[in-house]
Amino acid sequence: MSYKEEPGLDKQFNAEEIEKRCDAYWSANEIYKYDATQSRDNSFVIDTPPPTASGSLHIGHIFSYTQTDIIARYQRMQGKSVFYPIGWDDNGLPTERRVQNYYNIACNPKIPYDQTFKPVHIDNDKNERREISRKNFIEACETLIAEDEKIFENVFRRIGHSYDWNLTYSTISPTSIKISQASFLDLYQKGKVVAVEAPIMWDVTFKSAVSQAEVEDKEMEGFFHDIRFSVKDSNETFIIATTRPELLASCLAIVAHPDDERYKHLFGKTAIVPLFDIPVPIVPSEHAEKDKGTGIMMVCTFGDAADVTWWKKSGLPIKQIIGLDGKIMNITYGEGVFNTLNKEEAQKNFNQIIGLPAHIAKKKVAEMLKEQGFLIGEPKKIVHPVKFYEKGNLPLEFVSSRQWFVKLMDMKDEMLSAGRKIKWLPSYMQHRYETWTEGLNQDWCISRQRYFGVPFPVWYKVDANGNIDYSQVILPSKDRLPIDPMADAPNGYTEAQRNQPNGFVGDPDVMDTWATSSLTPQIAMAMAPKGSNLSLPFDIRPQAHDIIRTWAFYTIAKSLMHENTIPWHKTLISGFILDPDRKKMSKSKGNVVTPMNLIEAHSADAVRYWAAKAKLGVDTAFDEKMMQQGRKLIVKIYNASKFVFMIVGNSASADYAQNISAALDKSWLKKLADTVNSARRSFENYDYALALDSIETRFWDFCDNYVEIVKKRAYSEDNASAIATLKLSLDTFVKLFAPFCPFITEEVYQARPWKQPSDISVHKELWTSLDILQTVSAKDSLLYDTISAVSAEIRKQKTFENKSQKNPVLSLVVKAGEQAISCLKANDSDLINVGNIADHGITYQVAPELCVEKIMLDQNFVPEKKKVG
RNA sequence: GGGUGUGUAGCUCAGCUGGUUAGAGCGCUACGUUCACAUCGUAGAGGUCACAAGUUCAAGUCUUGUCACACCUACCA
């Protein structure tokens, strides 16, 4: 496919046309296709973050993903075969929630599959959510993510990200499920993943287990209740201050610090829990602090993580009173673990809270305590941090349940040393990884009681009595993956034996979404063409800093467990986009600017320019001014190119280097060569922002100075050197800017009169082709620097005297170092041209510093236009 | 409580391993230009480089301390 019908540049710059033209051309010619025949050494392999397919892309995505694209494009122009996949993270809770709202449906696994059901988008429906089967629900999820992903793709194409779209993956695809399930089987075999019945953090809204990484603290209002406990066979009482009175019924013990003089004498005695008359031991424990509350506290199952720790050591049974729905369970006193000294009274009181949600039960218990005289004074308001699931809106509960865990606690040291083998950019981001790893206090709970995710490839045997025997795990062979144990029967069984005595049941849970996301390198590799030389570690993992503890951490963990290596050599951590008021941008504020609007308003290259200006890891305030600046640069590139084309005219020869002979041209090219070197150095350090800075500065220098100086000579007969230099300069800038502004550079590249049939795309060009600058340029840029400086002084003087730039200069004195003077004397024709200086008008003097004096302008000069007026 | 980062012109930010009178863009003021330029140029106003002490011939840049903000992490009866 050819690039454009009409050759050359249009009179007017039209960003949208150029963007669409480029996208079509790149895709038709597979410019960004990964070349699987290249060796690993000659490849650059990227573990791209798959954005969550939950509606729309945020401007923050454009920001950080563009930074990666710039790096990918630079590496491609270094001759590397760039492995640059893109994926969609579409499994898990975010998708489920979006689907529920979008179609106003809810999943009920008990309902049978309805073949005729078609999900329809329903806006603002007040009706109750329609309940559908698990299979229908999953199909609805698949329908919506397909739509969302199309929109994402359009935005990424429009902004010019150079993904190889053949490598697109989705985390819910059969391939991803297969890889994720194979990972599970591998870890199971290695003893790294185990199912245990244990207290876990439970979100009551989503009715699912969550992991430590998904938990965040929220500052919550709470109340300290001072409750009087009595001591068995004694008149003594003591006061406990608690924020969780509803847990009284699950109290296991009373603890105080071993050295606490106030309570020492109570150790070994038995306390009586009010309302329920439960006898519990009073014991010393280090984890009680003397100066918190009243210094003495109750241990319940479970108020917090400390209770869990204490309970584990105690060997006491669990008294679970909060159910998985977050409500108080129906409990009969005097049965099982629920002992009491007064069965009737305990039951009467407990009956008052059965079925209530925990936060309402709390109030009810407080009332009862008050009525019966156990509450001292009024509850005291406090604000304290409470653990929440990051997406939940009710506090987490600790409940005991059977879940799958990946054993991480025994590999913390290994994780830390792996983290040190990876280069973190910026380096301080490694601290976050280290603190998180050091602070890890539980294994990774990977089972979720949800629907849209990767199922556990696990069945359990059902015994002769119809009871599930969790110790009898049935696993599929790897060649059966992907598998859904809720739909497929294990080998040796038939579907008819499901849920039957001596039959089997499938594990109904799905995996934590991170259990799959942590395999993005493996998933991406699965998308590569056959015969690829890919392997871990990859070169880079770009990602944002908020998911260091999840995505980065889990990917490193899985890579170590499966392949015994780090997953990538470097990780590039991007910053956030902040509101202009420096708050984290959020949709809820309603001030969201969508990426597409910005692209339309400023052009894709301009939006990219804004992203390219920010350094890695730095949170940046959103600023449209920066896009306007980018737009100016792009228009300038367009116009400068048009001008060069005009001067160059029909000189279509691409073999220009040998014509470069003028001293000024060589001196300018030295300047340009230095810029190439410094930009290359910056890029090698992944400092694309610094590279852009130096390129941009040199480009404006080119426009403002070199082009002005050489203009007259370029129009003259003796213009071969000037024309060759303009060509070489423009070719150079187009390549230098290509990673940042892929559209305008491609447009100019394709429009060059000296374009050769072998010139496919600027994005296939090599930076090594810029080495020609080194051979044709002068040893130094002294001549160019001097002429630029002198002409700037002349320009200044003309402006100061309100004269036209064409106004002749009768005479001036140039003072400069010996070398500069001799160099200038021999090559002053360009200076005379640009300043319009009279013959023999320049007086040269050797001086320590460059200085221009006594500029005499021709006061009789009248610009042409003013003659008319 | 522990830790990391940030604090430079009205705004958004550069300033790499310490080196001459601290920079850019935008904004503002004044003037000019319309030449490839949905422009550009020149000049001006505007900074005690958060604060304090120290090291050094020399500190925005290094050290220590203080303050403010952001974030990470822990605790959370």
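Here the structure is a predicted model, which means the values were calculated and not measured. Hydrogens, waters and symmetry mates play no part in the numbers below; they use all other heavy atoms, side chains included.
- Between the base of rC71(B) and the side chain of D546(A) there is no donor-acceptor pair shorter than 3.5 Å.
- With both ends at atom P, the span from rG47(B) to rA24(B) equals 16 Å, rounded to whole Å.
- For the residue pair Q430(A) and E434(A), a side-chain donor N or O sits within less than 3.5 Å of a side-chain acceptor on the partner.
- Phosphate contact (OP1/OP2 of rG1(B), side-chain N/O of K292(A), threshold under 4.0 Å): absent.
- Base-pair partner of rG32(B): rC40(B) (Watson-Crick or G-U wobble, both distances under 3.5 Å).
- By the 4.5 Å heavy-atom criterion applied to side chains, N833(A) and D830(A) are counted as neighbours.
- Using the six-membered ring where Trp is involved, F733(A) and W668(A) have ring planes that are tilted, between 30° and 60° apart.
- An OP1 or OP2 oxygen of rU73(B) is reached within less than 4.0 angstrom by a side-chain nitrogen or oxygen of R549(A).
- Comparing rC16(B) with rU55(B), their P atoms are spaced 24 Å from each other, to the whole Å.
- Rounded to the nearest Å, the gap between the C1' atom of rC11(B) and that of rU73(B) is 34 Å.
- For the pair E624(A) CD and rG27(B) P, the computed distance is 14 Å after rounding to whole Å.
- Remark: C1' of rA36(B) and NZ of K632(A) are 16 Å apart, rounded to the nearest angstrom.
- A close approach under 4.0 Å does not occur between any side-chain nitrogen or oxygen of N441(A) and OP1 or OP2 of rU73(B).
- rG27(B) makes up no base pair with any nucleotide shown, lacking Watson-Crick or G-U wobble contacts both under 3.5 Å.
- Spacing of P atoms, rG65(B) relative to rG2(B), comes out at 13 Å, to the nearest Å.
- For the C1' atoms, the distance from rU6(B) to rC51(B) is 15 Å, rounded to whole Å.
- Listed nucleotides rG41(B), rA38(B), rC75(B) differ in distance to Q12(A); the shortest reach to its side chain belongs to rA38(B).
- Nearest nucleotide to the D704(A) side chain, out of rA36(B), rC40(B), rA14(B): rC40(B).
- E289(A) comes within 4.0 angstrom of a base, heavy atoms only.
- Checking rA36(B), rA14(B), rC40(B) against the side-chain heavy atoms of K615(A) singles out rA14(B) as nearest.
- One finds no side-chain N or O of Q629(A) lying less than 4.0 angstrom from the OP1 or OP2 phosphate oxygen of rG27(B).
- Comparing rG7(B) with rC13(B), their P atoms are spaced 10 Å from each other, to the whole Å.
- Within the nucleic acid shown, K613(A) has no heavy atom closer than 4.0 Å to any nucleic acid atom.
- Among rA74(B), rA14(B), rC72(B), the nucleotide with an atom closest to any side-chain atom of T435(A) is rC72(B).
- In this structure, K387(A) places its NZ atom 8 Å from C1' of rC75(B), rounding to the nearest Å.
- One interatomic measurement links the two molecules: NE2 of H431(A) to P of rU6(B), which rounds to 11 Å at whole-angstrom precision.
- Pair assignment for rC69(B): rG5(B), on the basis of Watson-Crick or G-U wobble contacts that are both within less than 3.5 Å.
- Figure legend. rA22(B) is base-paired to no nucleotide; pairs are counted as Watson-Crick or G-U wobble with both atom distances under 3.5 Å.
- Of the candidates rC71(B), rA36(B), rA14(B), rC71(B) carries the atom nearest the R432(A) side chain, counting heavy atoms from C-beta on.
- N685(A) contributes no side-chain N or O that, together with a main-chain N or O of D687(A), makes up a donor-acceptor pair within less than 3.5 Å.
- D260(A) has a carboxylate O that lies under 4.0 Å from a charged side-chain N of R262(A), or vice versa, which qualifies the two as a salt bridge.
- Under the 30°/60° scheme for interplanar angles, the aromatic rings of W436(A) and F553(A) are found to stand perpendicular.
- When the P atom of rG5(B) is taken as reference, atom OH of Y428(A) falls 8 Å away, rounded to whole Å.
- At the phosphate of rC13(B), neither OP1 nor OP2 sits under 4.0 Å from any side-chain N or O atom of K625(A).
- Remark: the backbone N or O of A306(A) is paired with a side-chain donor or acceptor of D304(A) at under 3.5 angstrom.
- Pair assignment for rC16(B): none, as no Watson-Crick or G-U wobble contacts are both less than 3.5 Å.
- Listed pair K796(A) / rA43(B) meets the phosphate criterion, a side-chain N or O lying under 4.0 Å from OP1 or OP2.
- The gap from the P atom of rG25(B) to that of rU42(B) amounts to 10 Å, rounded to the nearest Å.
- Straight-line distance between the P atoms of rU34(B) and rA38(B): roughly 15 Å, to the nearest whole Å.
- With rounding to whole Å, L850(A) atom CG is found 17 Å from rU21(B) atom C1'.
- Distance, D304(A) CG to rA74(B) C1': 13 Å, rounded to whole Å.
- Distance CD (E219(A)) to P (rC75(B)): 14 Å, rounded to an integer number of Å.
- A search for ring pair (Phe, Tyr, Trp, His ring centres under 6.0 Å) contacts involving F398(A) returns nothing, not counting sequence neighbours.
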